[in-house]
Amino acid sequence: MRGDAVQITIMRLGEADVGGEMQAVLSGFEADSSWLDTDERVQKLVTGGLTLLATIGFVTYIVIQRRRRARERG
């Protein structure tokens, strides 16, 4: 499980670029990012899709078995 999120707001008057200040603040952090990279997103998509397909297949199997049993009884 990942820790708490941090939000950073840097405000500056005028037209000066805040990129340098933001980079200085971010370089001081020693934490993993909670953003998913492309491989992690694909893995979650595949895992979710396979879980969904397996669930649909299992429910379909149960429904077919119950209908067959009902047909055999009456």
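- For T51, the side-chain hydrogen bond (donor to acceptor under 3.5 Å, both in side chains) test picks out no residue, with sequence neighbours left out.
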Check: residues 56-74 side-chain donor-acceptor pairs under 3.5 Å, at least two apart:
from : atom 1 : to  : atom 2 : distance (Å)
T60  : OG1    : I56 : O      : 2.7

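- Here the straight-line distance linking atom OG1 of T47 with atom CG of L52 works out to 12.5 Å at 0.5 Å rounding.
- Here the shortest heavy-atom pairing between K44 and L36 reads CD-CD1, 3.7 Å.
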